[in-house]
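Atoms within a ligand are numbered from 1 in the order they appear, just like the ligands themselves.
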Amino acid sequence: VRAAAVDMAVRVGSVDIANPVMTASGTAGHGDELSGYVDLAALGAVVVKSLGAGAEEGNPPLRVCDTAAGMLNSVGLAGPGVEAWLERDLPPLVRAGARVVASIWGRRVEDFGKAAAMLAGASDSIMAVEVNVSCPNIEDRDRMFAHSRSATADAVAASGASGLPLWAKLSPNTADLCEVAAAAHRAGAEAVTLVNTVLGMAIDVETRRPRLGGAGGGLSGPAIHPVAVRAVYDCRQALPGVALVGVGGVSRGVDAVELMMAGASAVQVGTATFADPRAPARVLDELTNWCRHHGVGRVSELIGAAHG
Ligand SMILES: Cc1cc2nc3c(=O)[nH]c(=O)nc-3n(C[C@H](O)[C@H](O)[C@H](O)COP(=O)(O)O)c2cc1C
């Protein structure tokens, strides 16, 4: 007997995607780096590493280290900048048939506006812009945009220059996560991506110095999965009308199921890709199989199911 097909289509804000599994920004390169391992056209979307208006060097080494249940990174926002990306990295992604989410960042509000404006009308393959507000705001004592409702709203509003659907990528390191999410939504984000990395640090006890070149870093991987589930659950409760994208420690299909039940319309796979570059495709297969074995005909039935 042939198992019934599962309808994997979901909608994130105004964007329809074929299935809910995407790459997470910064963990799958700027272009088609994963194409030797994964059919990029088979994923819901490829979210590229955050792009600034201009080229950036990023942070000094060491940039990543392992921890008990995940990894720490202080890569910084190294990258080619939007213009070079459009010329060099986007075309191979388009040829691979990927649906692309362009992530942008800035040090000040106007940087978001500049990066966004360069994306306006650039390619039909860019289906949304993820506004990474989990970066330091030099106009506010280097406090993260995502730790302030008004700075988040300003960065999102400036990103409207792209003319594309906006997703705001928030930091879990704030007591007002749901209020920041609401501010992002009011400023024009039709979806909110939860969560970026959790602030952390590791110290080399022999040298008595931080292990990462940037001293502090961001924790990701299995250690933060419950943080992501809680963030999605709480924001779904507070903002039932706002689309959420869940990210944090997804390495198996059931992790995606959990985030969707918490309220995510789609999920992203990040750190798992470093251990297994096929992870995004494998998570999609496992999610599909989970639905099949649990009599779930449409994956969208799972969204928010934990809210009773
Ligand atoms: C090495 C590395 C680089 C990252 N770079 C970015 C980035 O440029 N922009 C961004 O929004 N998030 C970035 N992130 C955060 C991830 O997209 C994701 O939110 C986080 O790692 C949690 O998901 P995970 O546990 O599946 O990795 C990065 C994460 C890692 C590990």
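Residue, atom and distance of the protein heavy atom nearest to atom 8 (O) of ligand 1 are K49 NZ, 3.0 Å. Regarding atom 26 (O) of ligand 1, its nearest protein heavy-atom neighbour is G270 N, 3.0 Å. Closest to atom 12 (N) of ligand 1, if we only count protein heavy atoms, is K169 NZ, 3.0 Å. Shortest contact from atom 20 (C) of ligand 1 to any protein heavy atom: T197 CG2, 3.9 Å. In this structure, the protein non-hydrogen atom closest to atom 29 (C) of ligand 1 is N73 ND2, 3.6 Å. Protein heavy atom closest to atom 3 (C) of ligand 1, with residue, atom name and distance, is G26 O, 3.4 Å. Scanning the protein for heavy atoms near atom 14 (N) of ligand 1, the closest one is S25 O, 3.1 Å. Among all non-hydrogen protein atoms, the one lying nearest atom 21 (O) of ligand 1 is S220 CB, 3.2 Å.
The closest donor-acceptor contact from the side chain of S25 to the backbone of V48 lies under 3.5 Å. Side-chain atoms of S134 come within 3.5 Å of backbone N or O of K169 as a donor-acceptor pair. Checked by atom type and distance alone, the side chain of T23 pairs as donor or acceptor with a backbone atom of V47 at under 3.5 Å.
Between Y233 and H307, the ring planes lie parallel to each other; the angle is under 30°, not in the 30° to 60° tilted range.
An N or O contact shorter than 3.5 Å is missing between E130 and ligand 1 by distance.
Using a non-hydrogen distance threshold of 4.0 Å, T193 does not register as a contact of ligand 1. In this structure, A272 does not count as a contact residue of ligand 1, since none of its heavy atoms falls inside 4.0 Å of the ligand.
For ligand 1, the atoms closer than 4.0 angstrom to any heavy atom of I224 are 22 (C). Interface atoms of ligand 1 facing T271, defined by a heavy-atom separation under 4.0 Å, are 24 (P), 25 (O), 26 (O), 27 (O), 31 (C). Within the listing of ligand 1, atoms 7 (C), 8 (O), 9 (N), 10 (C), 11 (O) sit less than 4.0 angstrom from a heavy atom of S50. Taking every non-hydrogen atom of V247 and a distance limit under 4.0 Å, the qualifying atoms of ligand 1 come out as 18 (C), 19 (O), 22 (C), 23 (O). Annotation for ligand 1: atoms under 4.0 Å from non-hydrogen atoms of A24 are 17 (O). Atoms of ligand 1 found under 4.0 Å from any heavy atom of V75 (numbered from 1 in listed order, with element): 1 (C). Of all atoms in ligand 1, listed by their number and element, those nearer than 4.0 Å to a heavy atom of L77 are 8 (O). Residue N196 has at least one heavy-atom neighbour below 4.0 Å for each of these atoms of ligand 1: 10 (C), 11 (O), 12 (N), 14 (N), 15 (C), 19 (O).
Here the CD-CZ distance, from E190 to R11, works out to 9.0 Å after rounding to the nearest 0.5 Å. In this structure, CG on L166 lies 11.0 Å from CD on E130, to the nearest 0.5 angstrom. For the atom pair T27 OG1 and K49 NZ, the distance stands at 9.5 Å (nearest 0.5 Å). One finds the OG atom of S148 at 7.5 Å from the CG atom of N137 (value rounded to the nearest 0.5 Å).
Around the CZ atom of R143, the shell of radius 6.0 Å holds more than 12 heavy atoms that belong to other residues, nucleotides or ligands.
Between R107 and E56 there is a salt bridge, since at least one side-chain N of the basic residue sits less than 4.0 Å from a carboxylate O of the acidic one. Between R282 and D285 there is no salt bridge, since none of the side-chain N atoms of the basic residue sits less than 4.0 Å from a carboxylate O of the acidic one.
Side-chain atoms of S220 and T271 form a donor-acceptor pair, as typed in the model, at a separation below 3.5 Å.
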